[in-house]
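First comes the structure, then the notes that go with it.
Chain letters run A, B, ... following the sequence lines, proteins first, then strands; residues in each count from 1.
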2 protein chains.
Amino acid sequence: MPRQSIILTLDRIGSPVGEVLVATDGEGAVRALDFHDYEERLRRLLRRHYGPVELVQGRAPEAVRTAVEAYFGGDLAAFDGVVVKTGGTVFQQAVWAALRAIPAGETRSYGQLAAAIGSPKAVRAVGLANGSNPVGVIVPCHRVIGANGTLTGYAGGLERKRWLLAHEAGGRLI
Amino acid sequence: MPRQSIILTLDRIGSPVGEVLVATDGEGAVRALDFHDYEERLRRLLRRHYGPVELVQGRAPEAVRTAVEAYFGGDLAAFDGVVVKTGGTVFQQAVWAALRAIPAGETRSYGQLAAAIGSPKAVRAVGLANGSNPVGVIVPCHRVIGANGTLTGYAGGLERKRWLLAHEAGGRLI
DNA sequence: CGATGTCTCGCGGTTTTCGGACATCAATGA
DNA sequence: TCATTGATGTCCGAAAACCGCGAGACATCG
């Protein structure tokens, strides 16, 4: 069911774990964020939620660029003011909202997250929703780990998940 | 994939074969036309092609209203200048375009139509596409009949198909 | 013989249905 | 200790069903 395609700006920002792709809309809200080697995935997720998407290379709003650089530089609260906007089902929206409520430096298990949104048994569903989060890092899906402490999975690669958690732990062991 | 719903204006115009429903968009193009007793079908087809649709009661552009009244009054060329806009697959678009090329007063068989769009064997598929034409009467799906001359089917009811063809034959037998 | 009718089968898009797969986890039973 | 199972939301691909047909094979009937 084709509707006219939505147009987003795609910017690239350097980071210690590789270049980061950021897609922002006309109002400066972040619609997607992923690592450079997963550009295909980023496009797919956008298409899934919005239909045909046109990504034009360009510069994200300074506020967004600054926040990304600050975060990777160590300012873990840098994303607090950044506006993200997503499509997705009601369930997914709930999961992603719950993710943003996890403070940097802490983690939750998939079960805890499921309980937090009122569906304590929808544990695997939370995993799925997590995995189809279009806005990586800012919506911190990397802060969700297995009940027994293993990292389980991460769309950007477990290496990066480990790095992000260590970065947020600020030297403390995780 | 929920996008914000498209908004169309729904008007009702009297005709000798019952009230006619016309959905037009903001630019005055006709997006759907059907008979009053098939409103459900009209909504379904719109939804299929555009996703969620909001129909607000209102007046269609005068040009459209005039054309509809003129056609039923006997001016068979009244629709020539009317702009229609449809969704649908490539195949459906091809079929619907071919339909508009059939002059009033003439008919084609499903096979002829299939041949006209270059898929001589897609005969039943043409029937299907015909049956899911959202813009009745203006896109004259009623001008397609069986190879042996029988009327076969019509979404608005065979009675109306018969009436329309007689109307267009202008007194000649059909 | 010809006109007519009924049946059967193949045709080709589109829509629907269905069955997995999954970034889990707690409880069960061997 | 370890494999199994059930609960849950979503996506995706494959397969099946659906038809506004049409041509050909036969039967029937004056």
Practice task
Using modelled atom types only, decide if a donor and an acceptor are shared between the side chain of A/Q112 and the backbone of A/S109 within a distance under 3.5 Å.
Solution key: yes
Exercise for the section: For D/dT8, take OP1 and OP2 only and decide whether either is under 4.0 Å from a side-chain N or O of A/S119. Expected result: no
Practice task
Could you check which residues of residues 131-139 of chain B get a heavy atom under 4.0 Å from DNA chain C? Sort them by number, please.
Solution key: none
Problem - Candidates D/dA7, D/dC19, D/dG20 - which lies nearest the side chain of B/R124 - result: D/dC19
Practice task
Answer with base, sugar-phosphate or nothing: what part of the nucleic acid does A/L158 contact at a heavy-atom distance below 4.0 Å?
Solution key: nothing
Exercise for the section: Could you check which residues of residues 107-118 of chain A get a heavy atom under 4.0 Å from DNA chain D? Sort them by number, please. Expected result: none
Practice task
Would you mind telling me which of C/dG12, D/dA7, C/dA23 lies closest to the side-chain atoms of B/K121?
Solution key: C/dG12
Exercise for the section: Determine which bases of DNA chain D form Watson-Crick or G-U wobble pairs with both distances under 3.5 Å, and write the result as a 5' to 3' dot-bracket string with | for other-strand partners. Expected result: |||||||.|||||||||||.||||||||||
Practice task
Counting heavy atoms from C-beta on, name the nucleotide in C/dT16, C/dA26, C/dA23 closest to the side chain of B/R48.
Solution key: C/dT16
Handout entry: Test item: B/N133 side-chain N/O and B/V139 main-chain N/O as donor-acceptor pair under 3.5 Å
Key = yes
Completion exercise
Per atom distances to the A/Q92 side chain, the nearest of C/dA23, D/dC11, D/dG20 is D/dC11
Exercise for the section: Could you check if a side-chain atom of B/E27 sits within less than 4.5 angstrom of a side-chain atom of B/K85, using non-hydrogen atoms only? Expected result: yes
Handout entry: Lys/Arg-Asp/Glu bridge criterion (N-O < 4.0 Å) met for A/R108, A/E106
Key = yes
Practice task
Name the closest nucleotide to the A/A125 side chain, picking from D/dG22, D/dT8, C/dC22.
Solution key: D/dT8
Fill in the blank from the handout: Of C/dG12, C/dA26, D/dG20, the nucleotide closest to the side chain of B/N130 is D/dG20
Practice task
Please determine if B/D80 and B/R100 form a salt bridge, counting it only when a charged side-chain N lies under 4.0 Å from a carboxylate O.
Solution key: no
Practice task
Remember a base hit wins even if backbone is also touched, and classify B/V126 as base, sugar-phosphate or nothing at under 4.0 Å, heavy atoms.
Solution key: nothing
Problem - For atom CG of A/L45 and atom C1' of D/dC12, their distance in whole Å - result: 14 Å
Practice task
Classify the nucleic acid contact of B/A155 as base, sugar-phosphate or nothing, counting any heavy atom under 4.0 Å across all strands shown.
Solution key: base
Problem - Flag for A/S15-A/Y71: side-chain donor and acceptor within less than 3.5 Å - result: no
Practice task
Go through the steps for B/R31 and B/Y50 under the test side chain to side chain donor-acceptor pair (under 3.5 Å), then give the verdict.
Solution key: CA-CA 10 Å; B/R31 298 288 191 119; B/Y50 303 116; 3.3 Å; yes
